[in-house]
Number of protein chains: 2
Amino acid sequence: MQNAPRKARNSATSTRRKSAAVTIHEVAQRAGVSPMTVSRVVNGNANVRAATRELVMRTVRELNYTPNAAARSLAAASGTRIALIYTNPSSAYLSELLVGALDGASKAATQLVLDTWDHMTRATERAAARKIAQSVAGVILPPPLCESKAVCSELVAAGIPVVAIASGRFQPDISGVRIDDFRAAQEMTDHLISFGHSRIAFIKGHPNQTASALRYEGFQAAMAAAGVPVDPTLVQQGFFTYRSGLEAAEKLLARKKPPTAIFASNDDMAAAAVSVAHRRGMDVPRDISVVGFDDTPTATTVWPELTTIRQPIAAMAASSIDLLLRSIRRRKDGEARVVVDHVVAHVLVKRDSVAAPGPG
Amino acid sequence: MQNAPRKARNSATSTRRKSAAVTIHEVAQRAGVSPMTVSRVVNGNANVRAATRELVMRTVRELNYTPNAAARSLAAASGTRIALIYTNPSSAYLSELLVGALDGASKAATQLVLDTWDHMTRATERAAARKIAQSVAGVILPPPLCESKAVCSELVAAGIPVVAIASGRFQPDISGVRIDDFRAAQEMTDHLISFGHSRIAFIKGHPNQTASALRYEGFQAAMAAAGVPVDPTLVQQGFFTYRSGLEAAEKLLARKKPPTAIFASNDDMAAAAVSVAHRRGMDVPRDISVVGFDDTPTATTVWPELTTIRQPIAAMAASSIDLLLRSIRRRKDGEARVVVDHVVAHVLVKRDSVAAPGPG
DNA sequence: AGCGTAGTTGATAGCGCTATCAAAATTCAA
DNA sequence: TTGAATTTTGATAGCGCTATCAACTACGCT
């Protein structure tokens with residue numbers, strides 16, 4: 001005699017369509033526990049005996065069970081929405097950021113919402129932060145927003161998890177996913193030095209981002225380590241824009257004794273440097289080497305293609321979503337806020353904008 | 001005596017949390033109809049008397065009712081997911097496309113999924129199309145994918161609604177959201193002519209996209225209308241890439257009698273033309289005018305900023321989502337497939353890359 | 001032994017919506 | 001007019017999951 005189901009939930013007469021997906025009930029039945037217990041295990045709730053948890057997890061894996069996001073958010077009355085807030089929509093890596101975030105979100109069956117904050121004062125930023133905190137369960141903050149104390153503190157105060165992406169430095173109160181800007185800049189500088197360059201110019205990034213400082217520090221450290229003096233007149237302030245790169249490069253190349261290489265803090269400024277060099281009749285890389293940072297589309301658009309540092313923005317965005325989701329779940333269970341700093345690997349991409357300096 | 005609710009659905013003892021949002025029941029009660037009728041009206045089902053529909057719609061507006069997406073997709077057992085498929089991830093307007101699509105999707109509480117199809121043969125494209133058709137309810141196709149007969153026909157055969165975005169020409173079997181490329185190119189040409197240019201060069205777009213042909217035809221039509229002959233040696237083939245623009249511009253400016261203006265079929269190629277001009281010691285726009293198309297970030301990155309045609313990609317993407325959602329609903333009700341061609345307005349953005357030709 | 005106290009588990013009742021089918025209202029043909 | 005075909009509406013029963021609380025374990029403690 002077969003053991004009859006405890007309750008015929010899908011009575012024989014039910015004509016309702018049914019998706020083919022495996023449900024929590026099937027897992028429960030197979031594991032010999034109640035659906036509620038499965039739910040608890042799947043959601044990482046603490047109050048389940050270790051043995052039971054093991055059993056359920058194994059069954060989940062066997063049946064390849066995936067929770068139905070719609071049912072979940074309906075029952076929990078909490079649409080797990082995550083906001084990605086950005087300023088400066090023309091930022092070159094926005095599309096990669098979006099692709100990554102969207103990918104992570106759809107894998108986790110989470111709704112991703114976008115919010116643009118442009119031309120905001122500190123006060124309106126605070127207000128906006130308070131407002132968004134009420135409609136989403138977590139926030140991803142790319143630079144330069146993640147550097148804003150006002151925004152971060154407001155979000156933290158509202159109690160929602162925040163992940164700073166590509167912020168240069170680890171911040172004690174919010175989680176972050178980033179590369180090691182210092183090391184990356186160091187490697188790039190070493191790369192230039194290994195080609196025989198010593199008169200290396202540096203175009204700094206926007207001073208409102210910690211990554212800018214770190215990249216500069218990495219440059220300095222590598223130069224110092226190689227015993228190559230940094231000529232302070234060869235260090236120009238930039239602001240991550242093409243225009244600022246144009247101005248900086250102009251000053252650099254107008255000198256009587258121009259540098260043999262320019263290390264720009266991002267690709268847009270590097271592209272500008274290439275343009276200025278061309279306008280002055282110089283060939284890249286024969287007469288001057290130029291390198292960038294970030295590996296945005298710009299790097300492969302210009303000619304010659306730029307040697308640069310690849311920041312895996314898409315992957316970083318996807319893992320931000322994961323991080324956030326875990327925090328959200330933890331928070332719901334009343335556990336303490338956990339802050340993590342996730343440093344991912346960068347890559348030095350060698351292309352055609354670097355060569356050994358000429359005999360001059 | 002108050003009229004008692006027909007059924008106390010939230011009994012006095014229910015301690016369950018309840019989101020503040022207005023539900024279909026409240027609308028139904030206020031309108032004096034059943035929830036089912038409200039559902040039908042909201043979903044555009046045909047079998048509702050006009051008077052009833054009116055009443056319900058008014059009530060919906062009064063209460064500012066928005067359907068709960070989670071409940072909807074749970075009940076309908078159909079996660080309304082929409083796929084945005086793209087090739088060529090470095091396409092300059094991808095980020096705008098994503099922003100728009102995401103915006104539209106989150107407003108409609110729809111899950112947007114991304115799919116990248118790169119380096120595919122016609123056969124693998126077909127297979128991929130068949131596969132995606134099983135997991136989503138609708139597809140958005142940007143160029144050049146929307147030009148692929150194989151992909152379109154496969155998707156159409158699978159019976160899922162498709163919207164081609166920014167495809168040049170209206171295709172009879174799938175819906176489209178686009179600008180009028182012909183007219184836009186015409187206007188841009190007129191703009192150039194109005195400055196006094198007559199030796200106008202044209203860099204064509206990639207031949208695999210109908211928009212390319214339309215832009216060229218618009219250029220020709222405007223020239224003909226103004227009685228300005230088109231010098232065939234001043235028309236170069238490009239492929240929408242910076243590199244191809246470089247080569248085309250190089251040929252154009254190497255001529256003994258170079259053009260006084262270059263109309264490139266997109267911004268990347270226009271930027272390349274500016275770069276070539278600079279390298280040859282020419283000033284833009286004093287010595288030569290350069291215009292682009294699309295108004296991608298590139299247009300405002302280079303110096304001088306490019307006069308170009310703005311295609312409202314974000315808005316187009318958002319309305320693609322709407323279009324798709326409507327088709328999906330219609331299809332579910334067993335109605336016939338409807339194909340629409342939505343042409344949105346473009347804008348001629350005047351910036352700093354155009355001036356009257358010199359006396360030379 | 002007797003009785004709390006904390007740790008586990010399960011039964012129940014919805015979350016807000018829609019598929020389904022039956023009932024009611026309407027239209028149309030004869 | 002009347003019966004049948006048609007359209008419009010509503011009652012019912014879930015979709016798959018989780019909040020809630022009751023029940024049922026252990027494990028100490030007086």
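The chains referred to below are lettered A, B, ... by the order of the sequence lines, with proteins before strands, and numbering in each begins at 1.
- In summary, of the residues considered (A:Thr52, A:Ile24, A:Asn47, A:Val42), a side-chain contact (heavy atoms from CB on, under 4.5 Å) with A:Thr37 occurs for A:Thr52 alone.
- Summarising the geometry of A:Val22 relative to A:Leu63, their closest heavy-atom pair is CG1-O, 3.4 Å, with the distance given to 0.1 Å.
- Within the 4.0 Å cut-off from OP1 or OP2 of D:dC17, not a single side-chain nitrogen or oxygen of A:Ser39 is found.
- When atom types are taken as modelled, the side chain of B:Thr59 and the backbone of B:Leu55 share a donor-acceptor pair closer than 3.5 angstrom.
- Contact annotation: A:Thr37 side-chain N/O to C:dT8 OP1/OP2 distance is not under 4.0 Å.
- Contact annotation: B:Thr52 side-chain N/O to D:dT9 OP1/OP2 distance is under 4.0 Å.
- Rounding to whole angstrom units, CZ of residue B:Arg53 and P of D:dT7 are separated by 14 Å.
- Distance CZ (B:Arg40) to P (C:dC17): 15 Å, rounded to an integer number of Å.
- Nucleotides of DNA chain C nearest to A:Met36 and A:Ala50 differ in position, and the one nearer the 5' end is that of A:Ala50.
- Atom-to-atom, CG of B:Leu74 to P of D:dT18 comes out at 12 Å; the value is rounded to the nearest Å.
- Ranking C:dC15, C:dC17, D:dT20 by closeness to the A:Ala75 side chain, first place goes to C:dC15.
- Along DNA chain D, the nucleotide nearest A:Tyr65 and the nucleotide nearest B:Val48 are compared for position; the residue whose nucleotide lies closer to the 5' end is B:Val48.
- OP1 and OP2 of D:dG16 both lie 4.0 Å or more from every side-chain N or O belonging to A:Thr23.
- Rounded to whole angstrom, the span from the CD atom of A:Gln29 across to the C1' atom of D:dG16 amounts to 15 Å.
- Without hydrogens or angle criteria, B:Ser39 side chain to B:Pro35 main chain gives no donor-acceptor distance under 3.5 Å.
- Proximity of B:Asn43 to the phosphate of C:dT18: a side-chain N or O atom is located under 4.0 Å from OP1 or OP2.
- Atom C1' of nucleotide C:dG16 and atom CG of B:Leu63 are separated by 15 Å, given to the nearest angstrom.
- Applying the 4.0 Å criterion to OP1 and OP2 of D:dC15, one finds that A:Asn68 has every side-chain N and O outside that range.
- Going from atom CG of B:Asn47 over to atom C1' of C:dT27 covers 14 Å, rounded to whole Å.
- Per the geometry, CZ belonging to A:Arg72 stands 19 Å off P belonging to D:dC15, to the nearest Å.
- Side-chain nitrogen and oxygen atoms of A:Arg49 include at least one within less than 4.0 Å of the OP1 or OP2 phosphate oxygen of C:dT9.
- In this structure, A:Leu55 atom CG and C:dT8 atom C1' are separated by 14 Å, rounded to whole Å.
- Heavy-atom minimum distance, A:Val177 versus A:Ser319: CG1-OG, 3.8 Å.
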